[in-house]
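Worksheet: one structure, shown below.
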2 protein chains.
Amino acid sequence: MKKKITIKDIAKEMSVDPSTVSKALRNQSDISIEMQKKIKRFADKVGYRPNLLAKSLINKRSNILGVIIPDLRISFFSEATRGIYEEATKNGYETILLVHDENAENEKRKLEFLSDINVDGILLNAVDETTNLDLYKRLDAEGIKIICWDRKLKDSNFNSITINDKKASFELTNKLIENGRRKIMFIGPNTGIPVAQDRFEGYLMALKENKIRVRKNLILETERTFESAHNTLYTAIQSGADLDAIVCVGGLIAYGAGNAILECKLRIPEDILLCEFGDNDIISRLGVPFYTVNQNPYKIGQEAVNFLIKCLKNGTNSAKSINIEVEHKILYRSTGVQR
Amino acid sequence: MKKKITIKDIAKEMSVDPSTVSKALRNQSDISIEMQKKIKRFADKVGYRPNLLAKSLINKRSNILGVIIPDLRISFFSEATRGIYEEATKNGYETILLVHDENAENEKRKLEFLSDINVDGILLNAVDETTNLDLYKRLDAEGIKIICWDRKLKDSNFNSITINDKKASFELTNKLIENGRRKIMFIGPNTGIPVAQDRFEGYLMALKENKIRVRKNLILETERTFESAHNTLYTAIQSGADLDAIVCVGGLIAYGAGNAILECKLRIPEDILLCEFGDNDIISRLGVPFYTVNQNPYKIGQEAVNFLIKCLKNGTNSAKSINIEVEHKILYRSTGVQR
DNA sequence: TTGTATGCGTTATCAA
DNA sequence: TTGATAACGCATACAA
């Protein structure tokens with residue numbers, strides 16, 4: 001096993017002091033150009049690479065950003081993640097990606113890990129807004145900048161970047177009403193995730209504006225999983241729930257709900273219009289058309305990184321309750337060639 | 001900014017030596033149970049968390065695994081990744097995910113990053129087998145275990161875990177022939193990626209066994225991107241290529257190829273049968289049925305981790321030319337309820 | 001312009 | 001059973 005070459009090794013080989021090597025490699029002006037060149041050439045030849053752990057132990061900065069996402073199967077998250085790492089790379093940061101799977105315990109472990117390795121900042125798509133709030137705050141206090149994207153944290157003041165969820169949901173629900181639907185169901189989690197609340201409010205607004213009565217049995221609560229959404233809706237339909245459209249808060253929920261609808265031998269879109277947020281690939285598996293809110297995931301990712309880096313550069317607080325809004329689009333996805 | 005609490009801080013507060021604290025926290029037997037309890041209680045109270053950087057600087061082990069994948073949009077990779085991190089977590093390892101986007105330069109940067117932060121091992125889905133081969137070997141020499149999954153590296157001896165690509169491709173092509181197709185196109189990259197070679201060989205085998213002549217103009221070369229695959233096939237069809245089925249080496253290629261077919265006003269599956277490897281969500285966007293090879297991505301991920309951990313535990317070499325084979329399934333994905 | 005000493009947070013090896 | 005010291009790889013004041 002060939003040990004990795006260190007500054008010490010180089011220093012010994014060249015009979016100079018380690019500090020001289022260290023300085024030379026970082027273009028410190030108090031080392032002669034001659035010496036700098038000589039040392040750099042040698043370091044290059046032997047394939048020297050600085051140990052990031054040691055570096056950031058001293059610098060208190062790692063140039064690493066952590067990205068926490070709920071799920072890899074949801075294309076909204078993977079697209080946003082692409083925006084994040086491409087933009088981060090451009091700016092000289094390395095990003096590492098972690099998945100919490102809608103599980104607060106997982107999220108906690110991931111966050112602590114990121115703290116343990118001293119990342120500079122975190123781009124967070126949180127499980128919910130309450131469970132790990134204290135931890136978010138602790139990390140913030142430790143100096144790790146946190147930017148929330150897609151899901152904001154209402155009762156905290158972390159900066160965030162999202163679409164206007166309320167407006168989008170309002171527009172989406174209106175589209176359904178324009179299509180002649182009046183028995184519109186809403187299905188989402190109710191664990192205090194503001195993004196779900198905003199979408200719920202937009203839904204209510206649209207109903208109200210169109211003088212459609214809100215019916216309790218058309219409002220369903222589910223976890224953000226295929227199974228939960230599927231079972232919840234399946235049971236509801238079997239119990240006689242009467243709907244002609246359904247607004248789903250997320251992609252996995254829509255996939256589960258759509259599956260339940262088809263399983264109940266109802267047709268999409270003839271009997272029930274299917275809607276979701278995120279323009280997610282996985283819905284296409286159902287082979288039916290659907291309404292969706294395209295959230296510009298790539299752009300959300302890019303802007304989230306830029307926002308974070310700005311905070312890092314300025315050393316300003318990342319908890320100033322600033323929310324950046326990215327524009328959205330309501331789309332109807334039918335099958336066949338597109339994009 | 002509240003600084004993170006360290007062992008030194010605890011030691012000072014409790015008027016003991018840092019080394020005592022260190023030992024107590026790690027249940028070293030030479031510290032009295034009394035003392036251990038007292039110290040642990042205090043550490044807990046103040047929310048002490050060990051600094052992983054400092055730890056692994058000494059231990060030469062980080063308990064971190066790096067996972068490098070080509071693309072997040074391809075569900076095969078994301079499913080495999082789930083298998084990886086769930087299994088890794090079970091075994092007390094943290095995994096960090098990096099994406100190379102089929103770009104060797106990216107891959108190099110990611111690999112060096114992983115080396116720079118001293119990960120214990122890497123689960124690699126390589127860009128190709130030649131470009132960064134020296135780097136793979138260097139990392140291996142440094143003691144970082146590397147396991148290849150999905151794509152093996154033919155001329156090296158890194159352990160790997162894949163399906164039997166040749167057999168799968170043979171079976172897949174045979175299915176097409178059973179369906180009455182004779183003008184079967186093959187489209188894939190030819191940058192020395194063995195997985196593509198094996199699949200190509202399987203395709204050739206099936207043709208041969210069925211006494212179908214291999215036609216040069218039915219073998220197309222493309223990069224692993226939507227655009228490249230799309231343009232390549234579009235041009236071929238416009239130039240009069242005559243095919244009634246197409247075997248695509250990967251998901252993005254199939255997506256691009258399928259798109260080109262539909263754009264040329266040809267029907268899938270009536271005019272052309274579409275096939276791919278990986279059972280990828282993104283194909284569903286086309287809204288057409290397709291043949292696919294399900295590669296058991298979750299299982300590949302799990303077994304890859306277990307393989308890697310075994311190497312780590314035993315301290316055995318990870319380059320012994322061992323290949324683990326995971327079973328595959330040929331599926332026909334039509335739209336509607338499924339899974 | 002170069003070298004020396006010290007420290008980042010942790011652990012291993014001694015000595016007490 | 002506990003404490004002192006050196007070390008991991010690197011960086012930075014300061015001395016030479």
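Lettering follows sequence order; numbering is per chain, from 1.
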What is the distance from [atom1] of [X] to [atom2] of [N], rounded to the nearest Å?
X	N	atom1	atom2	result
A/Leu52	D/dC8	CG	P	19 Å
A/Leu53	D/dC8	CG	P	15 Å
A/Asn59	C/dC8	CG	P	14 Å
B/Leu25	C/dT10	CG	P	9 Å
B/Lys3	C/dG7	NZ	P	14 Å
A/Ile39	D/dC10	CD1	P	14 Å
A/Lys12	D/dG9	NZ	P	11 Å
B/Ile31	C/dA12	CD1	P	13 Å

Check: [X]/[Y] side-chain N/O donor and acceptor closer than 3.5 Å:
X	Y	value
B/Asn125	B/Asp150	yes
A/Lys4	B/Ser115	yes
A/Thr162	A/Glu325	no
B/Glu94	B/Asn63	no
A/Asn159	A/Lys145	no

Q.
Please compare A/Lys8 and A/Lys55 by the position of their nearest nucleotide in DNA chain D and report the one closer to 5'.
A. A/Lys8
**Q.** Whichever of A/Ile5 and A/Asp30 has its nearest DNA chain D nucleotide further upstream toward 5'
**A.** A/Ile5
Q. Mapping B/Ala54 and A/Gln36 to their closest nucleotides on DNA chain C, which lands nearer the 5' end?
A. A/Gln36
With heavy atoms under 4.0 Å as the rule, sort [X] into base, sugar-phosphate or nothing.
X	answer
A/Ser19	base
A/Pro50	sugar-phosphate
B/Ile58	base

Q.
Any side-chain to backbone donor/acceptor pair from B/Ser56 onto B/Leu52? Under 3.5 Å, distance only.
A. yes
Would you please confirm or rule out a distance under 4.0 Å between OP1 or OP2 of [N] and any side-chain N or O of [X]?
X	N	result
B/Thr20	D/dG3	yes
B/Ser56	C/dT10	no
A/Arg26	D/dT12	yes

**Q.** side chain to side chain contact (heavy atoms under 4.5 Å, CB included) evaluation trace for B/Thr131 with B/Tyr136
**A.** CA-CA 10 Å; B/Thr131 318; B/Tyr136 307 148; over 6 Å; no
Q | Relative orientation of the end axes in the helix from C/dT1-D/dA16 to C/dA16-D/dT1, expressed as an angle to the nearest 10° (five pairs per end) | A | 50°
Nearest-nucleotide pick for [X], side chain only, options being [options]:
X	options	result
A/Ser22	D/dT12, C/dT13, C/dC8	D/dT12
B/Asp17	D/dG3, D/dT2, C/dG9	D/dG3
B/Lys23	C/dT11, D/dG3, D/dT12	D/dG3

Q. Would you call the rings of B/Phe76 and B/Trp149 parallel, tilted or perpendicular, where under 30° means parallel and over 60° means perpendicular?
A. tilted
(Q) Determine whether a donor-acceptor pair (one donor, one acceptor, N or O, separation below 3.5 Å) exists between the side chain of B/Lys60 and the base of D/dG9. (A) no
